[in-house]
Amino acid sequence: DCVGFLEHVSDSAHSGHYIATLYQEDEDAIGALALASDAASVTSAASGAEAQGPPPKRQRCDGPDAAAGEPRRGLWWTLDDLTVSPVAWRAGRAHIATGTSDPEAPVSADESAAPARIESVSAYLVLYRRRSRRHEDDTRCGCPWAVPARLASVVAEDNATLTTELQAFRSQSSAVEAFLKQRRAAVMQLLQALRAAPTQVAAAEAAAGAPRALPPLVVVPTPWLDAFLRGEDRSLQELLEGRLRPKEVSYARALLRSPTCPDRQILDPLAVWCGEVKLIPADAFDQLGGAGGLDSTLFVPFEEAAAPEACKAAWSLHKLFQQEWLQIRKLLSEGKVAAPEARQLQAEGRGEEAVWLPLKVQRLWQKVLGGTGGTAKGQAWELLALRAFLREVHEARWGGRAWQDEGKPEDGLELQEFFAAPRCAEPRVRAAGTGGLDRCEVHLTEGLLCPHGRVGNPRAAFLVRRVEVETLLELSAAKGKAYRALWPHVRVVPQYRGGPRGQLLLPSAATCSVCQGKASPSGEGTTAATSAAAAAAAASQRKLCVKRRYASKVLRKVGQLPVPDGDEAPTGAALRELVRELLSFTVSSLRVEVQGEEMDLGNDQPLEDAVETIIVEKDETEPPAREASAFSGSIFRS
């Protein structure tokens with residue numbers, strides 16, 4: 001039934017006056033009219049008097065309604081700001097609602113009865129209320145609104161399906177509740193035992209009058225412990241099958257094969273350093289009394305897994321990494337060769353003392369040093385070097401594979417071989433900077449060689465002293481041997497190399513004049529002239545002004561984009577890729593600006609020579625990087 005409508009009185013859609021016409025249902029129409037007259041007298045009171053609204057709403061009665069053939073009885077009201085008046089219906093129109101009648105005028109019974117058709121030229125929203133219908137009314141009076149037999153069978157079938165699903169849901173809910181109750185109790189008991197452990201050790205030392213030996217420890221994999229605390233180690237199907245005990249413990253690459261005893265598995269000390277395993281007192285698990293299926297026998301005892309030779313190898317590896325880290329810092333701070341110094345060395349016949357390295361290596365080394373050149377304020381260099389070492393170790397050993405996938409042996413590998421399987425099972429070489437710290441071997445000349453075997457783009461490289469680079473390569477080779485001493489089955493380890501195909505380093509004179517557009521009859525470049533040609537080429541290279549249009553429609557310049565030299569003009573797809581590489585965001589819209597007008601540039605359309613400015617919009621649909629996911633899905637979150 002229609003119970004009201006809203007009207008917008010204005011010549012504009014942006015502003016105007018709003019009026020509501022609502023229906024008040026009441027059994028006593030005469031009483032409603034009396035209430036209406038009282039409300040009209042209230043609205044005509046003095047402006048200083050306190051206005052009173054209509055009487056409180058009444059609940060619908062339980063008697064027959066319009067669905068059973070009984071007409072509705074009630075009164076229509078108009079709400080116009082502070083004025084609340086009954087509606088006088090004339091020719092199907094609510095005259096008070098449109099403001100054409102006097103709100104103080106009395107309303108007769110004929111005028112209060114709504115017509116069969118209500119008309120309004122300014123109504124924009126109509127309000128309806130579902131009719132109440134009861135099954136007993138249908139069976140008693142043979143109401144035509146009764147559900148047909150065919151529809152009733154469909155409803156019964158759907159209700160049966162819903163009942164089955166409801167029972168399954170209740171069964172699953174009961175299983176989950178029982179699991180969560182048991183798991184919460186076990187976790188809380190474990191937490192209390194861990195908190196009480198230091199106090200118990202201190203009390204034992206006080207009673208003995210001497211420092212107590214290290215209590216028995218067990219090795220607990222961190223991924224397994226995180227899944228246990230969050231309740232993610234069991235699936236719903238497993239809970240329905242009654243398997244509430246913790247999942248089997250998997251150590252994956254945290255264990256190594258002993259070099260002296262192949263049948264023995266030892267703990268990788270770097271797994272402890274990188275946080276892949278936790279050393280927890282065995283007494284904390286024993287105090288649980290089997291609550292939640294936990295006890296110390298599930299885990300490997302630390303006394304059995306610890307190996308002195310592995311600890312010595314890890315410490316030696318760390319010391320060699322420190323030397324390599326210090327050499328990198330020295331090379332970036334003191335080992336660079338400026339262009340005037342390079343020309344002076346070439347004039348003296350000592351051009352071999354300066355060698356080319358790609359700028360990607362410089363950016364990689366800046367990340368290794370912590371982005372501050374290894375001199376962060378308030379932080380010792382040992383701490384910065386340790387962080388870089390742990391990042392490199394974790395990426396080389398545990399990066400790139402989820403821990404859940406490491407619980408099963410790979411095809412063709414025995415379980416002991418799987419525990420010692422390296423991440424870089426196949427030799428892999430990456431260009432410096434393409435993966436940050438996610439790399440095994442880095443060639444210091446990767447990306448510099450042109451088809452002629454020389455440095456084709458000096459603008460993408462920088463000069464350093466050869467002696468400093470050779471010292472770094474020696475330290476890196478020693479570090480590689482230390483890695484293999486700790487991980488004997490690893491084929492490729494994090495290490496710096498001079499270059500592919502046996503070529504070590506590229507001297508400052510090894511620039512290609514052909515690739516720089518300054519070819520000589522012999523194809524050989526000169527020394528100082530070649531550098532000057534490279535500088536001239538860099539200055540004359542075409543650059544595009546890049547403007548970004550933000551979501552607020554603000555247009556700002558964000559940088560310049562060098563256009564690759566070539567016979568063919570770059571396409572829209574190439575420009576999108578350049579923006580993504582140099583400005584670090586994905587382009588959703590690319591336009592070119594020509595004579596003050598903007599035009600779309602498709603992926604296959606070439607860039608015209610007259611274009612000097614491009615306008616880009618960032619693709620905002622890319623999901624952001626997930627952060628702070630350590631407590632995601634925790635069973636303790638309410």
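Residue numbers run from 1 in the order of the sequence given.
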*May I have the step-by-step check of side-chain contact (heavy atoms from CB on, under 4.5 Å) for Val587 and Leu575, ending in yes or no?*
CA-CA 9 Å; Val587 177; Leu575 293 177; over 6 Å; no
Q.
Check this for me, if you would: do Glu341 and Arg465 make a salt bridge, where the nitrogen-to-carboxylate-oxygen distance has to be below 4.0 angstrom?
A. yes
Exercise. Just wondering, do Leu505 and Glu470 contact through their side chains at under 4.5 Å, heavy atoms?
Worked result: yes
### Query
Side chains of Leu217 and Pro281: does their closest heavy-atom pair fall under 4.5 Å?
yes
Tell me whether Tyr251 contacts the main-chain N or O of Val300 through its side chain, where contact means a donor paired with an acceptor under 3.5 Å.
yes
Would you call the rings of Trp224 and Phe228 parallel, tilted or perpendicular, where under 30° means parallel and over 60° means perpendicular?
parallel
Using atom types as modelled and distance alone, determine if a side-chain donor or acceptor of Arg548 lies under 3.5 Å from a backbone N or O of Lys618. no
| Side-chain contact, heavy-atom cut-off 4.5 Å: Leu448 with Pro458? | no
When you compare the side chain of Val355 with that of Thr445, does any pair of heavy atoms fall below 4.5 Å?
no
Quick note, salt bridge (charged side-chain N to carboxylate O under 4.0 Å, His left out) partners involving residues 291-305, not counting sequence neighbours, are none
Closest non-hydrogen contact found for Arg183 with Ala227 is NH1-O, 4.4 Å
In terms of heavy-atom contacts, Ala477 and Gln495 come closest through CA-NE2, 3.5 Å
### Task
Test Leu190 against Leu288 for side-chain contact (heavy atoms from CB on, under 4.5 Å), laying out the working first.
CA-CA 7 Å; Leu190 176 61; Leu288 300 181; 4.2 Å; yes
So OG of Ser296 and CG of Asp283: to nearest 0.5 Å the spacing works out to 8.0 Å
**Whether Thr222 side chain and Gly275 backbone form a donor-acceptor pair below 3.5 Å** = yes
Review point. Heavy atoms, side chains only, cut-off 4.5 Å: are Ile280 and Leu225 in contact?
Key: yes
(message) For Glu309, is there an ion pair with Lys312 - N to carboxylate O distance below 4.0 angstrom?
(response) no
All heavy atoms of Ala342 vs all of Val337, minimum pair found to be N-CG1, 3.8 Å
Of all heavy-atom pairs linking Lys247 and Arg234, the shortest is CA-NH2, 3.8 Å
Just wondering, do Trp487 and Asp268 contact through their side chains at under 4.5 Å, heavy atoms? yes
**Asked** Are Phe321 and Trp325 close enough that their ring centres sit under 6.0 Å apart?
**Response** no
Looking only at heavy atoms, the pair that brings Glu392 and Pro494 closest together is CD-CB, 3.6 Å
Value for CG (Leu364) from CG (Leu359), rounded to nearest 0.5 Å, stands at 12.5 Å
CZ of Arg363 to NZ of Lys360, rounded to nearest 0.5 Å, is 7.0 Å
Check your understanding: Under 3.5 Å, side chain of Trp356 to main-chain N/O of Ser508, donor-acceptor pair present?
Key -> yes
So CD of Glu324 and CZ of Arg329: to nearest 0.5 Å the spacing works out to 14.0 Å
Side chains of Gln344 and Glu348 only: does a donor on one sit below 3.5 Å from an acceptor on the other? yes
Note to self: A side-chain contact here means heavy atoms from C-beta on lying under 4.5 Å apart; do Phe302 and Val272 qualify?
What the structure shows: no
Tightest non-hydrogen contact, residues Glu446 and Pro358, listed as O-CG, 3.8 Å
Report task. Answer yes when Glu353 and Arg350 have at least one side-chain N-carboxylate O distance shorter than 4.0 Å, and no when they do not. Result -> yes
**Prompt:** Checking side-chain contact (heavy atoms from CB on, under 4.5 Å) for the pair Val579/Phe585: CA distance, chi angles, key distance, verdict?
**Reply:** CA-CA 7 Å; Val579 172; Phe585 65 84; 3.8 Å; yes
Between the CG atom in Leu270 and the NE2 atom in His318, the distance rounded to the nearest 0.5 Å is 10.0 Å
Has Ser258 got a side-chain atom pairing as donor or acceptor with Ile266's backbone, closer than 3.5 angstrom?
no
Heavy-atom check, side chain of Phe285 versus side chain of Leu298, under 4.5 Å
no
- Task: Start with the C-alpha gap between Gln362 and Leu332, add the side-chain angles, then the distance that decides, and say whether side-chain contact (heavy atoms from CB on, under 4.5 Å) holds.
- Result: CA-CA 8 Å; Gln362 179 178 346; Leu332 292 182; 4.2 Å; yes
Output for pair (Glu468 CD, Ile328 CD1), nearest 0.5 Å, gives 12.0 Å
